[in-house]
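Contents: one structure, followed by commentary.
Just so we're clear, the structure is a prediction, and the values are computed from it rather than from any experiment.
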Amino acid sequence: MKLAILSVLAGSAIAFAPSSMKTSSTALKVAAEDLAGALPPVGFFDPLGFAEKADENTLKRYREAELTHGRVSMLAVLGFLVGEKVE
């Protein structure tokens, strides 16, 4: 049990450690930062690196899918809350 708690604490501490990776700017990242939704404090947020090997059309498709999934999830929450209220 103590080992599990220690490993969770160590893993969470590593998550906030500064990264030693160098970032390089490419034309793709400039195009990705121009998409709607890139915010000033964070910029283009891609923690899993999906945009590294994607072209402009693929990035637009990812953005469209993200919006669609967000809208579906909002409707699902609304349906859940209405269902709870009706019962």
Name each donor-acceptor pair under 3.5 Å that joins a side chain in residues 65-75 to protein atoms two or more places apart or in another chain, with its distance.
{"unit_1": "Thr68", "atom_1": "OG1", "unit_2": "Glu64", "atom_2": "O", "d": "2.9"}
{"unit_1": "His69", "atom_1": "ND1", "unit_2": "Ala65", "atom_2": "O", "d": "2.9"}
{"unit_1": "Ser73", "atom_1": "OG", "unit_2": "His69", "atom_2": "O", "d": "3.3"}
{"unit_1": "Ser73", "atom_1": "OG", "unit_2": "Gly70", "atom_2": "O", "d": "2.7"}

Next on the checklist: Using a 4.5 Å cut-off between side-chain heavy atoms of Ile, Leu, Val, Met, Phe, Trp and Tyr, which other residues end up in the same hydrophobic cluster as Val77?
Outcome noted: Phe80, Leu81

Tabulate below the donor-acceptor pairs under 3.5 Å that side-chain atoms of residues 39-49 make, not counting sequence neighbours, or state none.
{"unit_1": "Asp46", "atom_1": "OD1", "unit_2": "Gly49", "atom_2": "N", "d": "3.4"}
{"unit_1": "Asp46", "atom_1": "OD1", "unit_2": "Phe50", "atom_2": "N", "d": "3.2"}
{"unit_1": "Asp46", "atom_1": "OD2", "unit_2": "Phe50", "atom_2": "N", "d": "3.1"}
{"unit_1": "Asp46", "atom_1": "OD2", "unit_2": "Ala51", "atom_2": "N", "d": "2.8"}

